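Structure first, then comments.
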Amino acid sequence: MLDKDTWIAQNLIPKNTATTVRKPRFNVKSVDVFNATRKTKFTLCVLGSWAIYMPPYNIARLSSLIREAGYLTKVYDFNVESHYALKEANPDLEDAWNGANYWWWQSHEYFKRVHPTYEPILKEYLEVLLNDNPDIIGFSCYYTNIMATRWMIKEIKKVKPDITIVLGGPECHEGYFKMPSQVDYYFIGESEQNILDFLNNWEQGIKPDQPAIGGLYSDVRIDIDSLPYPDYSDFDLSKYWGKDSICAEISRGCVAKCSYCTEVYYWKFRDRGATTVVDELEYQVKKYNIGFVSFVDSLMNGNLKEFRKFCDELIKRDLKINWWGYARADGRMDLDFYKAMAAAGAQGFNYGIESGSDKVLLAVNKKNTVAEINQNLIDSAKVGMKVSACWVIGSPGEDIQAFNHSFNMLWNHRARIIAVSPGIGLGDNYGSAYDDREKYNINPRNQPWLGGWYTLDLTNTKLHRFIRVKLMHIWLKLCKDYGGTLSNVHAAQGDITEHYQLTFDSEFIREHVDYEDFDYSIIKSEHGEFADSVMNEVFGFLRMMWRARGGFEITINFNKDLDHRDFISAIVPDTHSYTATHWFKIDDDGNYSTKNSYKFRNAFRDVISMEGFEYEHEATGQWVEAKKSLIKRIFYIQATPEEKLLLPIESCFSSISIQERQLLLKVANKLDKESRILELGASLGGRASILAAGDKKHLVHSVELFTDNRPKNDFDSMQSWIREQIVDTCLQLGISRTEGVDLLEALKKDFETDITGQTAYNRIITKYPNIVYVNNLNNWKIPLDLCLVKTDQNSDLYTNLDSILSTVKENGYVIAQPFNDNEASTKVRNLIDQGWKVIETVDSMVLIQKLN
Ligand code: B12
Ligand code: SF4
């Protein structure tokens, strides 16, 4: 009778018979696997902790190959077993598989927190392993399971020193990796061919002459299309967090070379043919009835052409599966591409966004831009894909302002991102571009300070990065609390709100906060650049909060005990102590008072010979909102379904969010035919043209004071955004962008001759004969069906607001912002107090109706 494993090898493992139709690629070699009768018994396993969303891909990949070659192969995912056993034995370890708690599995922490409960469980696994009487046991290693693996190896060797122990997996790729003494061999890099060669030699009594086998970033890459499909028959799929899920890969390696990334040095990029990947998925669907695939590629979109083919093939075969993977934001993926991915079952991506600053993206060699990221995030949302994002905090090149731009991006896309992994502050990655210390102006690796790397000018140290990490955690909470969907997947240990007390003056929310340049060197003490840069870190965060939410009062504490409890992964204990208290109060107009105290003690004076610093700071002042951020945002070009023509830009400068636009159209359509609408503060006629464009062609009286050059400033600084929007809108509508671009050019000329914006306004509304420009509001008597008041700013237009509002008919409407601290807003609140009914609130706007 055949042994089970031989039977599996001969009967169950599918032979990958796909004829490759792709052109031969240089240095991409097929794996040479031949089936034979073998005597070696090989066991593959993985211990806790490693991810348990899906079964372990590498083990499924290697086991199918080794079995196909004929070896008696046993496979154990002790990792997933450990998860259940450990939490049953000790409920405190329930969260041990949470990615944020990876540090529980490292060095002393592991032996303190996990091992006492884990040891008896590991002993059971030891029995299981020995019972099979294997010749070789292979462990897949990560930094999260290396402690348990070391323990297990020692125990195996104590009982059966003849068993050969081999290691493989990402931990063996690390520059710092040191082979434990009881290990016989370890595999570096991709190991499909190497393990087959190793076993084949082993059968013939040939042993490697050194323990390290393989290497990184080899010129010769294996053809991952030439492998048998991964074998998931050893795993109980119901045990994994992802229901009916498996992993797959469509490529290996990465086309980019980000400076902080070690993954690029694992292996060079190559991908699979679209149809072979889909063949494999079809097979797995049939065999395991899976409904979800998690792609393990460093990035799924490394070869866009083949990736697009993969989507098209999935659409064609309609396998009814969803999938997910890592991707790099890439401007070449347009809305059409996103539609194809969604139709092919893409549930979302985890984007390595890393920063919201072009300066940083350039500094880390990300090879993409903020504009591309914005576009990808917007398009993902449009097609309903769920996006998560990885962030890197504190790369060389990131200063307070650049870090602040990450706040901008996260805020502006807070309703488009479902989860953010903020990182723990950039570490010192062996094998990344930061091995070149001089190029990045950072310390020699053997001289860390405060437990980490630092720039030689001391403006980016472990302390700076820790402060940023903590501020980022607070920011992510604010993004979530005020209109966002994103959760922080690396949330701090304790409750982040214990680190600060915060009250906002009003409900005001600025939906979109523009990038700005701002000088954050607010504190200039006598303690030098290190101290000043540390103390000023918080001001970027405070300013951003003011710009997003208006006036507030906050106290933020940096307290050693609390910080160690919650951010241990971002700080190294006992290298320094930093305490600080920031008190900051600012009103909507930017008038602020602040009182801060800082204390830093340097325990590493042998590296940087400084005692530390102590400083008290108190100031009052006024912040002015940067001109740019007054710029209104949304820019529409509308096409009528029949004509497919571009209609005028409804507003280049309008703060009209999508939601508000929908509200306006809804109200316009609710009104009787040819109703009268008055819009106060028309700017360039955005809302007026939306209302006029409603089905029923209302008469819109539109009023604006064209007295200064603000619209021109706005227009000047908005042009690149507008251009982007034109492209975006045209793509959606499937029409040429020429007309939109021409209009933009014409508007530019209008502003050259008339800086008040009146000419530009006229141009925009020309196509709407039912918009009437009104010069004089005195003695306004016309009964109104709808009055639109922009109460976010004071204006001379509002002197007779009471009498204008009194002209609204019974059952008529007012749309306004009642949350501002000015007279016009108060008048709108008065209407609500008088019994007007609040029908709907959108962003900071309310729609109220005059009812008896
Ligand atoms: C996909 C992926 C995941 C998936 C896991 C899916 C799964 N179930 O397999 C998800 C998204 C869940 C994940 C989570 C995490 N991940 Co991850 N992940 C990856 C990624 C991108 C691909 C892994 C993969 O399958 N590669 C393809 C396979 C074929 O390669 P491989 O695993 O290295 O295996 C090959 C060789 O190493 C070798 N080999 C492997 N094992 C063995 C054993 C033997 C005996 C032999 C001979 C050879 C051998 O042969 C294989 C074939 O060539 C890698 C980066 C990368 N590009 O590899 C990071 C990576 C593995 N992840 C990493 C980390 C840190 C994590 C997290 C801990 C992060 C966190 N703190 O949240 C979490 C896990 C925490 C948890 N408890 O969930 C690190 C590990 C670093 C380290 N030194 O340990 C990596 C390397 C990323 C990085 N650059 O830092 N991850
Ligand atoms: S895109 Fe991702 S995997 Fe590729 S180099 Fe950059 S960080 Fe590494």
Side-chain angles (χ1 to χ4, degrees), residues 632 650-651 653-656 660-661 663-707 711 757-758 761-762 764-766 768-818 820 822-832 834 836-840 842 844-851:
K632 315 301 186 300
E650 286 169 356
S651 171
F653 311 98
S654 162
S655 54
I656 319 171
E660 191 193 335
R661 172 191 157 86
L663 174 77
L664 293 172
L665 280 170
K666 201 159 88 185
V667 180
N669 290 335
K670 247 187 203 185
L671 299 176
D672 291 338
K673 212 171 169 212
E674 289 165 13
S675 289
R676 288 212 187 236
I677 298 172
L678 173 68
E679 187 199 10
L680 291 164
S683 189
L684 286 195
R687 291 179 177 84
S689 46
I690 290 173
L691 290 165
D695 281 350
K696 297 180 186 155
K697 300 279 177 205
H698 309 297
L699 190 62
V700 185
H701 304 268
S702 177
V703 197
E704 181 55 286
L705 298 172
F706 294 106
T707 50
Q758 170 105 54
Y761 171 87
N762 288 342
I764 286 173
I765 63 162
T766 351
Y768 293 105
N770 49 342
I771 297 180
V772 184
Y773 174 56
V774 180
N775 261 323
N776 192 345
L777 269 177
N778 293 338
N779 305 318
W780 178 265
K781 289 278 180 293
I782 302 171
L784 290 172
D785 296 279
L786 167 64
C787 182
L788 200 67
V789 201
K790 278 170 63 192
T791 39
D792 58 346
Q793 45 197 270
N794 278 317
S795 166
D796 292 346
L797 285 172
Y798 303 142
T799 36
N800 342 336
L801 188 60
D802 275 332
S803 76
I804 294 168
L805 291 174
S806 70
T807 62
V808 175
K809 294 179 190 167
E810 279 309 317
N811 299 325
Y813 298 93
V814 165
I815 293 180
Q817 297 114 310
N820 297 310
N822 59 30
E823 228 184 305
S825 221
T826 311
K827 285 180 178 162
V828 175
R829 285 199 298 272
N830 288 343
L831 296 180
I832 300 172
Q834 285 160 26
W836 287 47
K837 189 173 175 211
V838 177
I839 306 289
E840 202 166 334
V842 166
S844 56
M845 309 281 285
V846 288
L847 167 70
I848 54 176
Q849 191 177 16
K850 187 176 185 180
L851 294 173

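As the structure is a prediction and not an experimental result, all values here were calculated from the model. Side chains are part of it too, since the values below use all heavy atoms of this structure and drop only hydrogens, waters and symmetry mates.
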Taking the side chain from Ser803 and the backbone from Asn779, do they hold a donor-acceptor pair closer than 3.5 Å? no
Donor-acceptor pair, Tyr798 side chain versus Lys790 backbone, under 3.5 Å? yes
Validation row: Ser675, Leu786 side chains within 4.5 angstrom (heavy atoms): no
Shortest non-hydrogen separation from Gln758 to Tyr773 and the atoms involved: NE2-CE2, 3.3 Å
Using side-chain heavy atoms (C-beta onward) and a distance below 4.5 Å, is Lys809 in contact with Asp785? yes
Could you tell me the separation between the CD1 atom of Ile782 and the CD1 atom of Ile804, rounded to the nearest 0.5 Å? 11.0 Å
Rounded distance [0.5 Å steps], NZ in Lys666 versus CG in Leu663: 6.5 Å
Is it the case that the side chain of Asn770 and the backbone of Leu699 share a donor-acceptor pair, with hydrogens and angles ignored and the cut-off at 3.5 Å? no
Evaluate Trp780 against Thr807 for side chain to side chain contact (heavy atoms under 4.5 Å, CB included), listing each step before the verdict. CA-CA 8 Å; Trp780 178 265; Thr807 62; 3.7 Å; yes
Check the pair Lys670 / Ile839 against side chain to side chain contact (heavy atoms under 4.5 Å, CB included), numbers first and verdict last. CA-CA 13 Å; Lys670 247 187 203 185; Ile839 306 289; 4.1 Å; yes
Ignoring hydrogens and geometry, is there a side-chain-to-backbone donor-acceptor pair from Lys850 to Val808 under 3.5 Å? yes
Between atom CD1 of Ile832 and atom CD1 of Ile848, what is the distance when rounded to the nearest 0.5 Å? 5.0 Å
Working to the nearest 0.5 Å, report the span between CG of Leu801 and CG of Leu831. 8.0 Å
Do side-chain atoms of His698 reach the backbone of Leu691 as a donor and acceptor pair under 3.5 angstrom? no
For Ala688 and Ser702, the nearest pair of non-hydrogen atoms, with its separation, is CB-OG, 4.1 Å
Is any side-chain heavy atom of Val814 closer than 4.5 Å to one of Trp836? yes
Test item: Leu777 and Leu680 side chains (from C-beta on) under 4.5 Å apart, heavy atoms: yes
When you compare the side chain of Val828 with that of Gln817, does any pair of heavy atoms fall below 4.5 Å? no
Reported CD-to-CG distance for the pair Glu810 and Leu851, which is rounded to 0.5 angstrom: 8.0 Å
Under a 3.5 Å distance rule, please check whether Gln849 uses its side chain to pair with a backbone N or O of Tyr813 as donor and acceptor. no
As an exercise, state the distance from CG of Leu788 to CD1 of Ile677, rounded to the nearest 0.5 Å. 8.0 Å
